[in-house]
2 protein chains.
Amino acid sequence: MDVIDKELSRAFRSKNIRMTRQRRAILGVLRSTDLHPTADWIYEKVREILPNISLGTVYRNLNILKEHELLRELNYSDEVSHFDGNAENHYHFICQNCKRIFDIDEPVDIQLDRRISSKTGFEIDHHRLEFYGICPNCKDLPY
Amino acid sequence: MDVIDKELSRAFRSKNIRMTRQRRAILGVLRSTDLHPTADWIYEKVREILPNISLGTVYRNLNILKEHELLRELNYSDEVSHFDGNAENHYHFICQNCKRIFDIDEPVDIQLDRRISSKTGFEIDHHRLEFYGICPNCKDLPY
DNA sequence: TTAGATGCAAAGGGTTTGCAACGTC
DNA sequence: GACGTTGCAAACCCTTTGCATCTAA
């Protein structure tokens with residue numbers, strides 16, 4: 001937790017945003033999981049550290065951290081927002097059964113942006129790619 | 001409107017769902033635009049044809065039509081749902097300035113699903129690809 | 001010292017839902 | 001005639017916000 005703490009302090013200073021206990025706890029919790037959790041899940045986890053924190057504070061900080069590109073917000077069909085402590089663009093797989101979100105270990109295809117850009121005339125900043133299907137866990141489940 | 005009407009009747013029959021005036025109008029309106037509109041936009045348009053229709057009916061029907069794969073729902077960051085009368089998988093470009101959604105004329109890369117599937121072990125049904133940037137209209141705007 | 005952050009609770013806003021009346025097949 | 005659908009309005013639920021208090025720098 002010490003290493004993470006230092007890393008977070010550095011992140012906050014580099015973005016010129018004030019480091020509060022709440023903010024550090026929120027980003028710490030998010031960075032300690034690969035579950036791509038919801039605001040409410042993060043709230044419950046942070047409450048184990050700061051029992052008096054409010055859900056409003058969690059939302060406010062998630063938005064601030066997003067604006068400073070210290071995390072990403074993920075929106076999927078029919079779902080509430082999920083948050084990703086990895087702010088770098090990367091691809092995801094969403095299980096259509098259990099709704100879990102997995103990271104895909106595949107480099108982002110920057111060539112694609114250039115190709116589509118010159119083909120269509122749109123000035124492309126980035127793209128977002130998600131795969132949908134059934135994860136190994138759910139595939140083995142009986143009906 | 002006659003051709004579209006027949007097409008819609010066929011679509012409804014083929015899916016075994018009852019065809020009501022409201023339902024036909026909703027899908028008709030959606031199929032007559034490439035704006036990828038919101039439920040509220042569709043509601044306002046349908047009201048020009050059926051002034052007494054309620055927003056609840058629009059939502060209910062959009063969900064039913066989505067379940068029967070007669071349209072697609074699109075969710076983007078920080079945004080309300082948009083609906084696409086083209087139920088076939090295809091790619092989109094979203095302008096980060098005006099938020100408009102454009103279709104991308106590019107074949108869906110099915111090889112990609114196979115490649116990622118064998119690489120990761122996930123059973124992939126489909127993928128969703130969106131490009132973000134600035135559209136030609138907004139690029140030319142003064143600041 | 002002071003601008004920015006917090007906790008609380010209320011408000012917002014898109015979407016869903018219960019119910020009696022209605023319309024489609 | 002039976003059952004799915006509608007219109008209406010209220011409820012839902014995630015998220016945002018106003019405000020007095022607090023706190024990091």
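Proteins get letters first, then strands, A, B, ... in listed order; numbering begins at 1 in each.
Residues passing the ring-ring contact (aromatic ring centres under 6.0 Å, His included) test with Y132(A) are H126(B), sequence neighbours excluded. Among residues two or more places apart in sequence or in another chain, the salt bridge (Lys or Arg N to Asp or Glu O under 4.0 Å) test is passed with R23(B) by none. R47(A) meets the salt bridge (Lys or Arg N to Asp or Glu O under 4.0 Å) test with E44(A); sequence neighbours excluded.
The C1' atoms of five pairs define one axis at each end of the helix from dT1(C)-dA25(D) to dC25(C)-dG1(D), and these two axes lie 50° apart (to 10°).
Cation-pi contact between R128(A) and Y76(A): present, with separation from the ring centre below 6.0 Å and deviation from the ring axis of at most 45°.
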Test N97(A) against N137(A) for side chain to side chain contact (heavy atoms under 4.5 Å, CB included), laying out the working first.
CA-CA 10 Å; N97(A) 186 54; N137(A) 264 352; over 6 Å; no
Checking side chain to side chain contact (heavy atoms under 4.5 Å, CB included) for the pair L65(A)/F12(A): CA distance, chi angles, key distance, verdict?
CA-CA 9 Å; L65(A) 295 170; F12(A) 286 154; 3.5 Å; yes
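Atom P of nucleotide dT24(C) and atom NZ of K15(B) are separated by 23 Å, given to the nearest angstrom. Note: CG (N52(B)) to P (dA21(C)) measures 17 Å, nearest angstrom. Between the CG atom of N63(A) and the P atom of dT15(D) there is a distance of 9 Å, rounded to whole Å. As a whole-Å value, the separation of F83(B) CZ from dT15(C) C1' is 9 Å. Nucleotide dT17(D) holds its C1' atom 13 Å from the CD1 atom of I64(A), rounded to whole Å. Protein atom NE2 of H82(A) is 11 Å distant from nucleotide atom P of dC14(D), rounded to whole Å. Straight-line distance from the CG atom of L55(A) to the P atom of dT17(D): 14 Å, rounded to whole Å. Rounded to an integer number of Å, the gap from OH of Y59(B) to P of dA9(D) is 17 Å.
Checking dG14(C), dG7(C), dT16(C) against every side-chain atom of T57(A), the shortest atom distance belongs to dG7(C).
Within 6.0 Å of CD on Q96(A) lie more than 12 heavy atoms contributed by other residues, nucleotides or ligands.
Between the K15(B) side chain and the H68(B) main chain, a donor and an acceptor come within less than 3.5 Å of each other.
Residue T38(A) is out of contact with every strand shown, counting any heavy-atom pair closer than 4.0 Å. Residue I53(B) is in sugar-phosphate contact alone, with no base atom involved, counting any heavy-atom pair closer than 4.0 Å across all strands shown.
Note on S81(B): every side-chain N or O is 4.0 Å or more away from OP1 and OP2 of dG14(C). Distances shown here put a side-chain N or O of N61(B) below 4.0 Å from the OP1 or OP2 atom of dT6(D).
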For residues 100-110 of chain B, tabulate all N or O donor-acceptor pairs below 3.5 Å that involve a side-chain atom, not counting sequence neighbours.
from: D103(B); atom 1: OD1; to: H36(B); atom 2: NE2; distance (Å): 2.9
from: D103(B); atom 1: OD1; to: H90(B); atom 2: NE2; distance (Å): 3.0
from: D103(B); atom 1: OD1; to: H92(B); atom 2: NE2; distance (Å): 3.2
from: E106(B); atom 1: OE1; to: K119(A); atom 2: NZ; distance (Å): 2.5
from: E106(B); atom 1: OE2; to: R115(A); atom 2: NH1; distance (Å): 3.0
from: E106(B); atom 1: OE2; to: R115(A); atom 2: NH2; distance (Å): 3.2
from: D109(B); atom 1: OD1; to: Q111(B); atom 2: N; distance (Å): 3.2
from: D109(B); atom 1: OD1; to: L112(B); atom 2: N; distance (Å): 3.2

Assign a letter to each nucleotide of nucleotides 18-25 of chain D from its 5' end: B, base within under 4.0 Å of a protein heavy atom; S, sugar-phosphate only; -, no contact.
B----BBS
